[in-house]
**Q** 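Would you mind keeping the following structure in view while I ask a few things?
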2 protein chains.
Amino acid sequence: MLSEGRKKNRVTLLDVARHAGVSRATASLVIRKSPLVSTETRAKVEMAMQDLGYVYNMGAARLRADRSLTIGVVIPNLINPFFTELLAGIETVIDAAGMVVILVNSGDVLARQETLLTRMREHGVDGVILCPAAGTDMSLVERMAEWDLPLVQVLRRVSDECDYAGVDYGFGMHQAVDHLTELGHRDIAFAVHGPVHSAYQERVDAFRDAMELRGLDPGNIIRVPNQLAAIAQSAHLFTAGPGRSSSVVCFNDVVALGLSAGLYDLGVEIGRDFSLVGFDDVADAEALRPRLTSVATFPVAIGEGAATLLVDRLAQPDLAPRKLVKAPQLHIRQSSARWRGTNGGLSKNAG
Amino acid sequence: MLSEGRKKNRVTLLDVARHAGVSRATASLVIRKSPLVSTETRAKVEMAMQDLGYVYNMGAARLRADRSLTIGVVIPNLINPFFTELLAGIETVIDAAGMVVILVNSGDVLARQETLLTRMREHGVDGVILCPAAGTDMSLVERMAEWDLPLVQVLRRVSDECDYAGVDYGFGMHQAVDHLTELGHRDIAFAVHGPVHSAYQERVDAFRDAMELRGLDPGNIIRVPNQLAAIAQSAHLFTAGPGRSSSVVCFNDVVALGLSAGLYDLGVEIGRDFSLVGFDDVADAEALRPRLTSVATFPVAIGEGAATLLVDRLAQPDLAPRKLVKAPQLHIRQSSARWRGTNGGLSKNAG
DNA sequence: GCGACGCTTTAGATCGATCTAATTAGGTTG
DNA sequence: CAACCTAATTAGATCGATCTAAAGCGTCGC
């Protein structure tokens, strides 16, 4: 019924051509803005399109021309605000290029990612922006190359033979650690969570590096749960026991938000008794009080960068692989403060 | 080069059929899991598909069968966490139905929404989930019907002749106001922002209604800016001057997050000197301290509902229009507290 | 032995655009 | 006036699947 209806009143290029008194081929040229048609013919055809309410049929065009003006975006997580901002950046650029985003969520599960990439191929996307699920290996990139499916890796990198847009986490981490040490902190913890991937490893390595460079012990790396509420409940890991410290660098702002809440619950005054440095500086971080010191990683810009890489590659498939590594920037606010001595801070308020 | 490459090594159904020693038609039946083929033929064809690395070509199928297994989602804003959760819900259901989401962002701009809907039509989506931009009128729904493009309205409603999934904002608002009045508050403000649309109007009307029902003055409706940081800076509107009140209901959690920060900056202790009720209860609200009392509107569930409505309609186009109006639920936490008298709260700490 | 019937398979048309190669019209040139 | 060129247009094949209508084949009943 539906398809009958659709078929019936669908206006095709042939209808337009007839109405304008030209051939299908000419009408097609007009649509594609070819310079080969005369101005008057063009006008006639455009008028006919108006009159009949013609709608271009990508599906048909794609079949013949083998391009769909569609790109696939595979993201491991839709709820994390970081990815949302990333997505917003991607969408802006892709839209401006006259293309459209097919969005899927891998949930950071390899098997699912595999399924979804097949689905993308079936849908004939012109290219893919992928934030690889943890555990993805290089062979994926090779396979995509065999399939002639242009790929941009974003945030996480599994191969150098392929475009990549991401963040210089090492640099960001050094800024964070330097900042805390300059404030006099020596017991600095690193609160991590989530699946292990290149961007994870990069941050951990850089933390070790930065700490050792300052002659500090980088051993205090603590895993927290993934859910916001559960993170809050593990704040005690940092204020007492073997993980006790005077400050924490957070893997991302989700961790920072959680710990901020958890520390509040413990009666610890952030920015006085304890210092907290976030990572990403997402929009929501602005609502935190005391204001969160955070390493801004500019997710929107990264998204725009990734999309631009892809658009460029579609235009010139033979380009050498490029990297777009954005330098993060530490935003110092209220949640990090000068170290107040062994007896100054925590002991007073904790518990 | 690219397209050459793609063309060259693309395996078609015809290749599969030949390799399996059957006809194109039979191979097609196998793919579509038709019960008409014998088990051995099916096995042969499936084997051939394996051997050759066949990938289904939706584009071709769509052209003939006039369905794309693709749906369009038009959202006014990607950064607001509410929409992100909504999107996550939609994605889950659509994915489970074997379809794929084409995501676009209208920015709440009518003209853009128009462009995007055309683009959706060109891409041949099977249906659209739309959160109509402010100012959209009923005629849009009629036009979509003419185009035979199934539509589900989500969150905002412009027509009753069309499926709709949303929230019973009125009920939520009554819960919020009732809660505050039961705590003894009489000066209750409503902090609004953003574009004016049905869901906006619904909340405003319900606020008036609820206040009048309790014999209170519903005149204190105050607009705040859209950006989080700017919202924080307008917190003073509620603590002093003509808008001064003892409690605020927030249009959504973005406003609540902003005001929470702003009140903190003013030295007002939320949950003691001043009460705050949010709306939506998005995930990030969990990170707020004191914990935010908020009217949960279950965006993920709404998204799932909207997608389900659409999937059902695709299966049965002649269904009467349905409404899925979810009842929100007040979650009482720390940010709302008993009224402490005219001289109790604000005067002590404000300024 | 013949038609009927169920089960399986298939040839060929078809969807709506693009692309190739050829055609037409009109002007220029030797 | 023929040869040639340029600009504009077009017929017809093509992309890779689906769908229709019909055919092949084995069995059954009469």
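Chain naming here is simple, since letters A, B, ... match the order of the sequence lines and numbering starts at 1 in each. Computed from a predicted structure; not experimentally measured. Only heavy atoms go into these numbers, but all of them, side chains included; no hydrogens, no water, no symmetry mates.
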**Q** In whole angstroms, how far is the C1' atom of C:dG16 from the CG atom of A:Asp15?
**A**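 From A:Asp15 CG to C:dG16 C1': 10 Å.
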**Q** Which side chain to side chain donor-acceptor pair (under 3.5 Å) pairs, counting each pair once, include a residue from residues 129-142 of chain A, with sequence neighbours left out?
**A**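 Matches after skipping sequence neighbours: A:Gln113-A:Thr136, A:Asp137-A:Ser139.
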**Q** With sequence neighbours excluded, tell me which residues meet side chain to side chain donor-acceptor pair (under 3.5 Å) with A:Ser23.
**A**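 Here the qualifying residues are A:Thr26.
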**Q** Write down the distance between CG (B:Leu63) and C1' (C:dG16), rounded to a whole number of angstrom.
**A**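 Taking atom C1' of C:dG16 as the reference, CG of B:Leu63 is at 5 Å.
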**Q** I'd like a table of atom pairs between the protein and nucleotides 8-11 of chain D - only N or O on both sides, under 3.5 Å - with the distance next to each one.
**A**
from   : atom 1 : to      : atom 2 : distance (Å)
D:dT9  : OP1    : A:Ser38 : OG     : 3.4
D:dT9  : OP1    : A:Thr41 : OG1    : 2.3
D:dT9  : OP2    : A:Ser38 : N      : 3.1
D:dT9  : OP2    : A:Thr41 : OG1    : 3.4
D:dT10 : OP2    : A:Ser23 : N      : 2.8
D:dT10 : OP2    : A:Ser23 : OG     : 3.2
D:dT10 : OP2    : A:Thr26 : OG1    : 2.6
D:dT10 : O5'    : A:Ser23 : OG     : 3.4

**Q** Run the side chain to side chain contact (heavy atoms under 4.5 Å, CB included) test against A:Arg313 and tell me which residues pass, sequence neighbours left out.
**A**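 Listed in chain order: A:Pro150, A:Asp163, A:Leu319.
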**Q** Treat primed atoms plus P, OP1 and OP2 as sugar-phosphate and everything else as base, then score nucleotides 23-28 of chain D 5' to 3': B for base contact with protein heavy atoms under 4.0 Å, S for sugar-phosphate contact only, - for none.
**A** ------
**Q** Tell me: CZ of B:Arg10 to P of D:dT14, nearest whole Å?
**A**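 Computing the B:Arg10:CZ to D:dT14:P distance gives 17 Å.
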**Q** What pairs with A:Arg24 under salt bridge (Lys or Arg N to Asp or Glu O under 4.0 Å), at least two apart in sequence or on another chain?
**A**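 Testing A:Arg24 for salt bridge (Lys or Arg N to Asp or Glu O under 4.0 Å), a comparison that skips the adjacent residues, returns none.
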**Q** What integer distance in Å separates A:Arg64:CZ from C:dC19:C1'?
**A**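 Those two atoms, CZ and C1', are 5 Å apart.
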**Q** Run the side chain to side chain donor-acceptor pair (under 3.5 Å) test against A:His123 and tell me which residues pass, sequence neighbours left out.
**A**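 Expected list: none.
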**Q** Taking B:Asp126 for its side chain and B:Leu69 for its backbone only, find out whether a donor-acceptor pair lies under 3.5 Å.
**A**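 A pair under 3.5 Å: yes.
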**Q** Measure the distance from CG on A:Asp66 to C1' on C:dA17 and round it to the nearest whole Å.
**A**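 Spelled out: CG on A:Asp66 to C1' on C:dA17 is 13 Å.
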**Q** Residues in salt bridge (Lys or Arg N to Asp or Glu O under 4.0 Å) with A:Arg322, at least two apart?
**A**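 Counting only residues at least two positions away or on another chain, A:Arg322 forms a salt bridge (Lys or Arg N to Asp or Glu O under 4.0 Å) with A:Asp312.
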**Q** With no hydrogens and no angle check, just 3.5 Å: does a side-chain donor-acceptor pair link A:Thr118 and A:Thr115?
**A**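 There is no such pair (donor and acceptor under 3.5 Å, judged by atom type) between the side chains of A:Thr118 and A:Thr115.
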**Q** In residues 47-59 of chain A, what residues come within less than 4.0 Å of DNA chain D, judged by heavy atoms?
**A**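 Within this stretch, nothing sits under 4.0 Å of the strand.
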**Q** Please determine whether a side-chain nitrogen or oxygen atom of B:Ser28 lies at a distance below 4.0 Å from atom OP1 or OP2 of D:dT18.
**A**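 The answer is yes; a side-chain N or O of B:Ser28 sits under 4.0 Å from OP1 or OP2.
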**Q** Please enumerate all residues that pass salt bridge (Lys or Arg N to Asp or Glu O under 4.0 Å) together with B:Asp95, with sequence neighbours excluded.
**A**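 Expected list: A:Arg112, A:Arg119.
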**Q** Without decimals, in angstroms, what is the distance between A:Arg67 CZ and C:dT18 P?
**A**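 Computing the A:Arg67:CZ to C:dT18:P distance gives 8 Å.
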**Q** State which residues pass side chain to side chain donor-acceptor pair (under 3.5 Å) with B:Ser28; sequence neighbours excluded, sorted by chain then number.
**A**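 Applying side chain to side chain donor-acceptor pair (under 3.5 Å) to B:Ser28 gives B:Arg32.
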**Q** In this structure, how many angstroms lie between the C1' atom of C:dC19 and the CD1 atom of A:Ile31, rounded?
**A**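 So the two atoms are 15 Å apart, to the nearest Å.
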**Q** Tell me every residue that passes salt bridge (Lys or Arg N to Asp or Glu O under 4.0 Å) with B:Asp160, counting only those two or more places apart in sequence or in another chain.
**A**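 B:Asp160 satisfies salt bridge (Lys or Arg N to Asp or Glu O under 4.0 Å) with B:Lys323 only.
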**Q** Rounded to whole angstrom units, what separation is found between the CG atom of A:Leu14 and the P atom of C:dA17?
**A**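 Between P of C:dA17 and CG of A:Leu14: 9 Å.
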**Q** Counting only side-chain N and O atoms of B:Arg32, is one of them less than 4.0 Å from OP1 or OP2 of D:dT18?
**A**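 Result: yes.
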